Amino acid sequence: MKVKKLTGWLEEKYPGRMAEDWDNVGLLVGDDEAEVHHVFLALDLTEETLGQALQAGADMVITHHPMIFHGMKRINNHDFTGRKILTLIRSGIQYYAMHTNYDILGMAELSADYLELSERQVLAVTEEAEKGQEGLGRVGNLPRRMTLKECGAFVKEAFSLPDVRIYGDPQSMVEKAAVCTGSGKSLLSDVLKKGAQVYITGDIDYHTGIDAVAQGLSVIDAGHYGTEYIFMDAMKKTLEGQFPELKISCAQVKSPYTVLCLE
C-alpha cells in the first residue's frame, strides 16, 4: 500500500491538530507516494533503533517521540540527527512521528489500563469534544487501597520495570492515583486539583519531588522510558488489526539507563 493510505488513517485516528503547539508530528522524512510493506515501531529514532529497522528490512519507521523538534539549517553527516536523516533517505525509509496527539488519544487511557484505574477522569483537559473531554493523563482509583510502598511495587510490576523511585512516606495509604506518561511534572497543579494521593509519571527532579510531598502528594517516578515504551506493543496491535497485509515489528525493549547498587 502507499504510505499516504497509512498516514491518512493515522491522521484520522490520531489527528495532528490534537498535538501540543510546540510539538512536531506527522510524516517528518519521506514520500507519501512510496510503497510501504514493513513498519518498524520505536519510542525514539536513535542510531541504535534505526540500525535495528535497517536490519529488519523495514521501509517505514513510526516513533512516539519526534526525531526533529526544531528547524534545521543544515542536514549533513556532522551531527547525529543529520546522519539519521541521510540514512533514512538513502535507505528509502519513510519516517512518521505521533507524539502528544497520541499521548492524548492513546497513551492516557493505555497507561490507566496498565494500572487498572477505575472511575477515570481526564487529568488535564485539552479539548471539549462531542464524545466528552480529551486531554493528558488520567485520574482514578487503584484496584485497592494500599501503602505507597505497595503501590510502588504494583507500578513496577504493571509496567515490567527494573526500578521505580518513590517520594513520600512508604507506609502512607493511597487509593486515588493520577498518571501521566513521559515527563509529567508540568501537570502537578492539575494532580493536586483532582485530589489524587499519588502521582505516577516520569522525569521528576529533586525539587519537584520534595515540593509535591510538602503539598501532601506522594510521587512514583517510573521513568520517561518506563511509562512510554508501551507505545510500541499497543501500536503494533492497532496496526495489525487495521492493516493485516503489513508486517509490523518493534524495537528491542531496553532501558536507557542501568541502576548500579554497590555493597
Side-chain angles (χ1 to χ4, degrees), residues 1-3 5-11 13-14 19 23-30 32 34-68 80-81 83-85 87-88 91-115 155-163 179 181-183 202 222-258:
M1 88 172 76
K2 289 190 180 294
V3 170
K5 180 179 178 180
L6 173 56
T7 57
W9 181 82
L10 288 171
E11 181 62 28
K13 190 169 179 64
Y14 311 102
D23 206 358
N24 189 29
V25 299
L27 186 65
L28 303 188
V29 178
D32 66 4
E35 292 288 328
V36 57
H37 305 282
H38 183 172
V39 175
F40 186 85
L41 300 168
L43 186 62
D44 300 278
L45 189 59
T46 63
E47 290 185 291
E48 182 180 1
T49 54
L50 180 53
Q52 291 175 25
L54 288 166
Q55 187 173 13
D59 45 30
M60 184 168 182
V61 172
I62 299 177
T63 66
H64 181 48
H65 297 137
M67 177 181 65
I68 305 168
F80 62 94
T81 301
R83 288 195 296 271
K84 288 185 288 186
I85 293 172
T87 298
L88 287 168
S91 305
I93 299 176
Q94 323 309 315
Y95 171 57
Y96 188 92
M98 42 197 303
H99 190 206
T100 51
N101 52 329
Y102 186 79
D103 282 334
I104 292 168
L105 298 173
M107 199 80 85
E109 276 296 310
L110 180 63
S111 60
D113 288 342
Y114 270 69
L115 295 172
V155 171
K156 182 176 178 291
E157 182 178 357
F159 286 96
S160 300
L161 302 176
D163 65 276
V179 59
T181 62
S183 182
H224 200 128
Y225 183 87
T227 56
E228 291 199 322
Y229 78 92
I230 57 177
F231 160 80
M232 293 184 286
D233 185 61
M235 186 52 56
K236 183 175 189 291
K237 292 174 181 175
T238 297
L239 292 178
E240 285 176 339
Q242 184 66 30
F243 301 104
E245 68 273 31
L246 286 177
K247 180 178 180 180
I248 313 294
S249 57
C250 297
Q252 177 186 358
V253 174
K254 181 182 177 183
S255 177
Y257 66 88
T258 300

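Since this is a predicted model, take the numbers as computed values, not measurements.
Here the OH atom belonging to Y225 is positioned 11.5 Å from the CD1 atom belonging to I230, to the nearest 0.5 angstrom. Considering CD1 of I62 and CG of L6, their distance stands at 5.0 Å, rounded to 0.5 Å. Rounded to the nearest 0.5 Å, atoms OH (Y102) and NZ (K13) are 9.0 Å apart. Atoms OH and CD, on Y114 and E157 in that order, are 13.0 Å from each other to the nearest 0.5 Å. Here the CD-CD distance, from E48 to Q252, works out to 6.5 Å after rounding to the nearest 0.5 Å. From M67, atom CE reaches atom CG of L88 across 5.5 Å, with rounding to the nearest 0.5 Å.
Looking only at side-chain heavy atoms (C-beta outward), K236 and V39 stay at 4.5 Å or farther from each other. The shortest distance between side-chain heavy atoms of T227 and S111 does not fall below 4.5 Å. Side-chain atoms of V155 and V179, non-hydrogen and from C-beta on, never get closer than 4.5 Å to each other. Side-chain contact check for V253 versus M232: some heavy-atom pair is nearer than 4.5 Å. Between L50 and E47, every side-chain heavy-atom pair lies at or beyond the 4.5 Å cut-off. At a threshold of 4.5 Å between non-hydrogen side-chain atoms, the residues Q55 and F40 do not count as touching.
Closest heavy-atom contact between P66 and D23: CG-OD1, 3.6 Å. Between H38 and S249, the shortest heavy-atom contact is NE2-OG, 2.7 Å. Counting all heavy atoms, side chain and backbone alike, E228 lies closest to T181 at OE2-OG1, 3.2 Å.
Here the side chain of K84 pairs a donor or acceptor atom with the backbone of L45 at under 3.5 angstrom. Checking side-chain atoms of H64 against main-chain N and O of M98 turns up a donor-acceptor pair under 3.5 Å. The backbone N or O of H65 lies less than 3.5 Å from no partner atom in the side chain of D44, so there is not a single donor-acceptor pair. One N or O on the side chain of Y229 and one on the backbone of F159 form a donor-acceptor pair closer than 3.5 Å.
For Q94, the side-chain hydrogen bond (donor to acceptor under 3.5 Å, both in side chains) criterion is met by no residue, not counting sequence neighbours.
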request  = Please step through side-chain contact (heavy atoms from CB on, under 4.5 Å) for the pair V36 and F243, ending with a clear verdict.
outcome  = CA-CA 11 Å; V36 57; F243 301 104; over 6 Å; no
inquiry  = Does L239 form a side-chain contact (heavy atoms from CB on, under 4.5 Å) with M235? I'd like the steps, not just the answer.
reply    = CA-CA 6 Å; L239 292 178; M235 186 52 56; 3.9 Å; yes
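Side-chain contact, N24 with H99: no donor N or O sits under 3.5 Å from an acceptor N or O. Of the N and O atoms on the side chains of Y257 and D163, at least one donor lies less than 3.5 Å from an acceptor on the other residue. Inspection of the T7 and D32 side chains reveals no N or O donor paired with an N or O acceptor under 3.5 Å.
Checked against L41 for a side-chain contact (heavy atoms from CB on, under 4.5 Å), the options I248, T63, T49, V61 give a single hit: I248.
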